[in-house]
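A note on names: the letters A, B, ... follow the listed sequences, proteins ahead of strands, and every chain is numbered from 1. Being a predicted model, the structure only gives us computed values, none of them experimental.
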Amino acid sequence: MSHVARKLLTIVTESALEKILPEDFKKLGARGFTITEARGQGSRGMRSGTWDENGNIRIEILCDSVTADAIAHHLQTRYYDDYAMVVFISDVMVLRPDKF
Amino acid sequence: MSHVARKLLTIVTESALEKILPEDFKKLGARGFTITEARGQGSRGMRSGTWDENGNIRIEILCDSVTADAIAHHLQTRYYDDYAMVVFISDVMVLRPDKF
Amino acid sequence: MSHVARKLLTIVTESALEKILPEDFKKLGARGFTITEARGQGSRGMRSGTWDENGNIRIEILCDSVTADAIAHHLQTRYYDDYAMVVFISDVMVLRPDKF
Amino acid sequence: MTSLDPVLLFFILGLTAGLMRADVRLPSAIYELISMLLLLTIGLKGGVELARQPVGSLAFQALAVIAMGAVLPLLAFPVLRHVGRLKRADAASVAAHYGSVSVATYAVATAYFMTREIPFEAHMPFLLAVLEIPAIVVGILLAKGLNRDIRIGQVAHEVFLGKGIVLLIGGLLIGWIAGYEGLASIKPLFFDLFKGVLALFLLEMGLITASQFSSLRQYGPFLLVFGIVMPLVSSVIGMLIGFNLGLSLGGTAMLAILAASASYIAVPAAMRISVPEANPTLSLAASLGVTFPFNVLVGIPLYHTMTEQLFAIARS
Amino acid sequence: MTSLDPVLLFFILGLTAGLMRADVRLPSAIYELISMLLLLTIGLKGGVELARQPVGSLAFQALAVIAMGAVLPLLAFPVLRHVGRLKRADAASVAAHYGSVSVATYAVATAYFMTREIPFEAHMPFLLAVLEIPAIVVGILLAKGLNRDIRIGQVAHEVFLGKGIVLLIGGLLIGWIAGYEGLASIKPLFFDLFKGVLALFLLEMGLITASQFSSLRQYGPFLLVFGIVMPLVSSVIGMLIGFNLGLSLGGTAMLAILAASASYIAVPAAMRISVPEANPTLSLAASLGVTFPFNVLVGIPLYHTMTEQLFAIARS
Amino acid sequence: MTSLDPVLLFFILGLTAGLMRADVRLPSAIYELISMLLLLTIGLKGGVELARQPVGSLAFQALAVIAMGAVLPLLAFPVLRHVGRLKRADAASVAAHYGSVSVATYAVATAYFMTREIPFEAHMPFLLAVLEIPAIVVGILLAKGLNRDIRIGQVAHEVFLGKGIVLLIGGLLIGWIAGYEGLASIKPLFFDLFKGVLALFLLEMGLITASQFSSLRQYGPFLLVFGIVMPLVSSVIGMLIGFNLGLSLGGTAMLAILAASASYIAVPAAMRISVPEANPTLSLAASLGVTFPFNVLVGIPLYHTMTEQLFAIARS
Ligand SMILES: Nc1ncnc2c1ncn2[C@@H]1O[C@H](COP(=O)(O)O)[C@@H](O)[C@H]1O
Ligand SMILES: Nc1ncnc2c1ncn2[C@@H]1O[C@H](COP(=O)(O)O)[C@@H](O)[C@H]1O
Ligand SMILES: Nc1ncnc2c1ncn2[C@@H]1O[C@H](COP(=O)(O)O)[C@@H](O)[C@H]1O
Ligand code: NA
Ligand code: NA
Ligand code: NA
C-alpha cells in the first residue's frame with residue numbers, strides 16, 4: 001500500500017460557526033470535513049456546551065499542505081478576534097491521496 | 001519517562017458499521033479502540049447525523065505500525081467501495097507501549 | 001504565517017474524572033483543553049457510554065513539550081492504576097504559539 | 001374527502017419548514033424516544049384488544065401475509081431493473097423497501113380509523129411485525145443469490161431483534177397479559193398522549209421527507225412514478241388478500257395500507273449491512289420522498305374508499 | 001401579591017441548585033424538546049382562539065408593535081453607550097436583546113393569566129413572533145451602519161426562519177385551521193402537560209440564570225441597574241401602546257410584559273453571526289441574569305397591577 | 001402473590017431483550033429525563049402529603065434511619081471480606097452500596113402500594129434522601145481509614161448535592177409549599193404520567209440488569225448469594241426499626257424495602273472518586289444484576305407480607 005502524506009487541520013470553535021464555515025472551506029479547496037461536538041476551556045473562558053449557544057465543535061479537514069495553510073490563514077484573519085477558536089495542523093498519511 | 005512510538009489509525013465512516021468493525025479490529029490485532037459520534041461531508045455527500053442511519057462515527061485505534069497497516073488494508077479492500085469512509089494514520093508517542 | 005511546534009496531549013478516560021482533571025491540568029500549566037464524549041474498549045473491557053457512569057471522555061490539550069510531559073507523568077502516577085485510561089502525545093503546528 | 005387530520009397538519013408544517021431550510025428538527029434522542037413510544041403503544045393497543053377477542057386463525061393469516069411480503073418485491077424487482085434501469089443491487093434494495101412496511105404510515109392510519117371509529121382486527125400490529133421481514137430476505141436473495149457470503153448471523157439478528165419488532169411484539173404481549181384494566185395506570189402516557197406524540201413524529205417526518213427531495217431530483221422521474229404506482233398496485237393486492245382472509249372492512253383496508261407502505265427504518269438498516277453495494281439514498285428518496293407523503297396525504301383515504309366499494313359490491 | 005405560582009418554585013429550585021453548583025441540568029436534547037413544545041403550544045392556543053374570534057385590525061397592530069420593537073433599542077442604545085460606557089458593538093447588541101422578546105417570560109405570563117382567568121387577545125402569539133425581529137435589524141444597523149458587509153442572507157434566514165418564529169407561526173396556523181375540536185386528540189400532550197413542561201423549563205432556566213451571575217459580577221453594577229430599569233421603562237411604553245391600540249386589559253398587560261422582556265435565544269444567535277465583535281456574555285448576563293428573574297418574580301404581577309390602575313383611571 | 005404489576009412486565013421485556021442482545025435502549029438523554037421526573041414526582045408526592053399531615057418526630061426518625069444506613073455496611077463488610085474474600089476496597093464499596101438505597105426500587109414499591117391502596121408515611125421520600133448518605137461515609141472509612149488523603153470536598157459535594165438528593169428534597173419542598181391544589185396544574189405531567197414513565201424506566205433497567213449478568217458470571221456464585229441474602233437480612237432490620245419507630249404498616253414495609261434495596265447511582269459515583277481502587281463492576285453486578293431484580297420481582301411482596309405478619313402478631 002502506498003501511504004501519501006497530507007495535512008490534518010483541526011479547528012475547535014463555537015457551534016454558531018457551523019452554519020458558516022463549510023462554505024468557506026469549500027471555496028478554499030477542502031474536499032470534505034468531519035465535525036464532532038465538543039466542549040472546553042481556553043482564553044475565552046468555559047464553553048460547557050450545556051446550553052444552546054455556548055458549545056464548541058471540533059472540525060477536522062484532511063487536505064494538502066497548501067489548502068491547510070490557506071484555510072488556517074483565512075480563519076486567522078476573519079474569525080480569530082471575534083470567536084473562541086483554536087487551530088492546529090498535523091502530519092498524517094492517507095491511503096487514497098486523490099480524495100484530499 | 002519513556003515515550004515509545006506507535007501509530008494512531010483514525011477512521012471516519014458510517015454509523016452502520018459500528019456493529020461490524022470491532023470484530024474485524026480484534027482479529028487484526030487491535031487491543032482497543034475509541035469511538036466518537038461525528039458528522040461530515042465528503043465525496044458521498046453530506047452525512048448530517050440528524051437522522052438514524054446517516055450519521056458518522058470517528059474511530060481511533062492506537063497500535064503498532066504493522067497492525068495499523070493491516071487494518072487500513074483490510075478496510076480498503078472490504079469497505080471502501082461501498083461505504084462512506086476516510087482513513088488516515090499519524091505518529092504518536094505512548095507511555096505504556098505494552099498496551100498497544 | 002509562522003507555524004510553531006507544540007504538543008497535542010490526548011487522554012481517553014472515564015467520564016467520572018471530568019469533574020476532577022481540569023484542576024490538575026491548570027496546576028500543571030495547561031492553558032485550555034477540549035473534551036468530546038467517547039466510548040470504547042480496552043484492557044478494562046467495554047465502556048459503551050449507554051449508561052451514566054460507563055462512558056468515556058476524550059480530552060485534548062495543546063501545550064508545550066514540558067507541560068505535556070508533566071501532565072502525562074502526573075496522570076500515570078495518580079490515575080493509571082485505578083481508572084480506564086489511555087494517553088498519547090503527538091506533534092502539531094499552531095498559529096498563535098503564545099496561547100499554549 | 002373529509003377535512004385533514006390535525007396530525008397531518010404537523011406533517012405539512014415539517015415539510016414546509018424543511019423546504020424553506022428552517023431548522024426545527026427534533027434532537028435525535030427525542031426522535032428515538034417518540035419512535036419507541038409509538039411502537040410500544042401500537043403493540044399495547046393490539047395486545048389489549050387481543051385479550052378481549054378470540055385470536056382466530058392467526059397462524060394462517062401470518063402465512064398469507066408472509067407470502068404477500070415475499071411476492072411484492074418480486075413484482076417490483078423486474079420493473080425497477082428493466083424499466084428503471086437500476087443496477088441489480090439497487091433494484092433489489094428498493095424492491096425490499098416496498099415489500100416491507102412503514103410503522104409511521106400504520107400509525108397515521110390508526111389515527112385515521114380512530115377518528116372515524118372504524119374498527120379493525122386487534123392483531124394487526126402482529127401482522128405489521130410479521131410483514132417487516134420476508135421482503136428483506138427476498139431482497140437479499142435478489143441481490144446476492146444463494147451463493148455469496150453475507151453476514152447471515154448479523155443480518156438475522158438485525159432483522160428479528162430490531163427495535164421495531166421487539167417493541168411491537170413486546171407491547172403486544174404486555175397488553176395481552178395485563179389487559180385493559182391492568183394498563184389503566186400507564187394509559188396516560190401510552191394512550192392519551194398517542195396522537196400528540198404522533199404529531200411531533202410527523203413534524204419530524206415532514207423535515208426528513210423534505211430532505212429527500214433533493215436526492216429525488218437527482219434520480220429523475222422514474223422514481224417519482226414508481227413511488228406512486230407501486231403502492232397503488234400493492235394496495236389492491238393487500239386489499240384482495242385481506243378480503244379473502246375474511247378480515248373486517250377496517251382490517252382489509254388496513255392490510256391494503258400496509259401493503260402500500262414502504263419501509264424506511266428496518267429495511268435500510270438491514271440492506272446497508274447485507275447489500276452494501278446498493279445506494280441507500282435511492283431507496284430512501286422513493287420511500288420517504290414520494291411514497292410516505294403520498295400514502296398519508298392521499299393513499300389512506302383512497303384505499304379506505306376502495307375497500308368500502310369492494311365490500312359494497314361483495315355484499316350486493 | 002398572591003402566593004407564588006408553583007412553576008416559579010421550580011425556577012427558584014433551579015436557581016438555588018445552580019448557586020450551590022449542584023448538577024441537576026436537563027440534557028440539552030430535553031431542553032430543546034421542551035422549548036419546542038412550549039412554542040408549539042403557545043402557537044396552537046393562539047390559533048384555536050383565533051378560529052373563534054374575528055381577527056380585527058391585525059395588520060395595524062403588527063405595525064404598531066414593529067415600531068415599538070424598533071424604538072426600544074434606540075432608547076436603550078445611548079444609555080448603554082454613554083452611561084454604561086459599553087463599546088459600540090456591545091451597546092448595539094444589548095439594545096437589540098431588550099427590544100426583542102423572551103418566549104419564556106411570555107409562557108410564565110400565560111400561566112399567570114390562566115390561573116387568574118384573565119383573558120387576553122388570541123393573536124398575542126402572532127405579535128410575539130412579530131416582535132422578535134425588528135430589534136435585531138436595528139441592533140445590526142446600530143453596530144454596523146449601512147455600509148459594512150454583513151452576511152445579510154445568512155442573518156435574514158436565521159431571523160425569519162429561526163425555530164421560534166417557525167414553530168409559533170406554524171402552531172398558530174395549525175390551531176387556526178383545526179380549531180378547538182380538531183385539536184382535541186392532541187390536547188393531552190400540548191395543552192394538559194403545558195404547565196408541567198413549563199415547570200421543567202423553569203428549573204433549567206433557574207440553572208442558566210445562576211450560571212450568568214458570575215459574569216454579571218464581572219461587569220459591575222451598571223448592568224444590574226440597567227437590567228431592572230430598562231424593563232420598567234419598556235413596560236410603560238408597551239402598556240401605553242396596548243391601551244391606545246384598544247386592547248383588553250389582559251392584552252394590554254401582556255404587551256407591557258412583552259415590551260419588558262429581553263430575548264435570550266433569537267437575538268444572541270443572530271448577533272453572534274452579524275455582530276461577532278460584540279461580547280455575547282455581556283448581553284446574556286443582563287438578559288438572563290437580571291431581567292428574566294426580575295420579570296418572572298416581580299415584573300409580571302407589577303405590570304399587571306399597573307395596567308389595572310391605568311384601566312381604572314381610564315374608566316373613571 | 002397477586003398478578004404482576006404491568007410496569008414489571010416492562011422490566012421483564014427489557015431483561016429479555018437485553019439477554020437476546022436486542023437493541024432497544026433509551027437514548028441516555030431520555031434515561032436522564034426519566035430519572036429526574038421520577039425523583040421530582042416522588043418528592044412532590046411526599047411534600048403534598050406532608051402539607052396535609054403533622055410531621056411528628058421527623059428528626060428522631062431521621063437519626064434512626066441514619067444509624068441504620070451506617071450499621072448495614074458494617075454488617076456487610078466482614079462477610080464480603082472474609083467469606084467473599086474480596087479485597088478491602090472492594091468489600092468496602094459493595095458494603096456501601098447495600099447500606100444506601102435505590103430510588104428505582106422505591107418507585108416500584110410506591111406503585112405496588114398505590115395499586116393496593118396501602119397508605120404510608122408522607123415523609124418517606126425525606127427518609128429516602130437521608131438514607132443515601134451515611135453508607136457512603138462508612139464505606140469510605142472502611143476502605144481508607146481516617147488518615148488517607150481523600151478528595152473530601154469533592155466527595156461531600158458529590159454526595160450532598162447529587163441529582164438524587166437535590167431533586168428529592170427540592171420536590172418535597174415544592175410540594176409542601178404549593179400543597180395539593182397548588183400542584184393541580186402540573187399534575188398531568190408529574191402525577192398522571194408517573195406509572196408510564198416508571199414503565200419506560202424499568203424497560204431500561206431490565207436492559208441494564210441484563211448487561212450486568214456477564215460480569216456477574218465472572219465473579220462466581222458468592223456475589224449471587226450475597227445479593228439475595230443481604231437484602232433479606234436488611235429488610236428484617238429495616239422492618240424492626242420501622243416498627244419500633246411506630247410507623248404505620250405501610251411505612252414499616254417501606255422502610256424494610258429501603259433497607260433491602262442497594263444503590264446503583266449515588267454510591268457508584270461517590271466511590272469512583274473516593275475509593276477508585278475498588279472495582280466498580282463488582283458492586284454493580286451485585287446491586288443491579290441480582291438485588292434489584294430480586295427486590296422488584298420477589299422482595300417487595302415478600303417484605304410486605306412479612307410486615308403484615310409482624311403487625312398481626314403485635315396486635316394479637
Ligand atoms: N490549550 C488548549 N488545548 C486544547 N484545547 C483548547 C486549548 N485552548 C483552547 N482550546 C479549545 O478551544 C476553544 C476556544 O478557545 P479560546 O478561543 O482560547 O477560548 C476552547 O473552548 C477549547 O475547547
Ligand atoms: N477531506 C476530508 N477531511 C475530513 N473528513 C473527511 C474528508 N472527506 C471525507 N471526510 C469524512 O469522511 C466521511 C466519509 O467520506 P466520503 O466517503 O468521502 O463521503 C464524510 O462524511 C466525512 O465525515
Ligand atoms: N488501543 C487503543 N486504541 C484506542 N483507544 C483505546 C485503546 N485502548 C484503550 N482505548 C480507550 O481507552 C479507554 C480505556 O482503556 P483501558 O484503560 O485500556 O480500558 C477505552 O475504553 C478506550 O476508549
Ligand atoms: Na409494502
Ligand atoms: Na423587550
Ligand atoms: Na439498603
Considering non-hydrogen atoms only, spot the tightest contact between A:Asp91 and B:Ser90 and give its length. O-CB, 3.7 Å
What part of B:Arg39 is in contact with chain A, defined as an atom under 4.5 angstrom from a non-hydrogen atom: side chain, backbone, both or neither? both
Does a sphere of radius 6.0 Å around CD in A:Glu23 hold more than 12 heavy atoms from other residues, nucleotides or ligands, not counting ones at 6.0 Å or beyond? no
State, yes or no, whether a side-chain contact exists between A:Leu62 and B:Val86 at a heavy-atom distance under 4.5 Å. yes
Honestly, the part of A:Ile57 sitting under 4.5 Å from a heavy atom of chain B is side chain
Answer yes or no on whether A:Arg96 is positioned over the face of B:Tyr80, meaning its NZ or CZ is under 6.0 Å from the six-membered ring centre and within 45° of the axis. yes
Which atoms of A:Phe100 are under 4.5 Å from chain B, going by heavy atoms: the side chain, the backbone, both sets, or neither? side chain
Interatomic spacing from CD in B:Gln41 to NZ in A:Lys26 - rounded to 0.5 Å: 6.5 Å
Which answer fits A:Arg6, side chain, backbone, both or neither, if we ask what part of it has an atom under 4.5 Å from a heavy atom of chain B? neither
I need the B:Ile89 CD1 to A:Leu8 CG distance, nearest 0.5 Å. 13.0 Å
Where do A:Thr36 and B:Glu37 come nearest, in terms of heavy atoms and distance? CG2-O, 3.1 Å
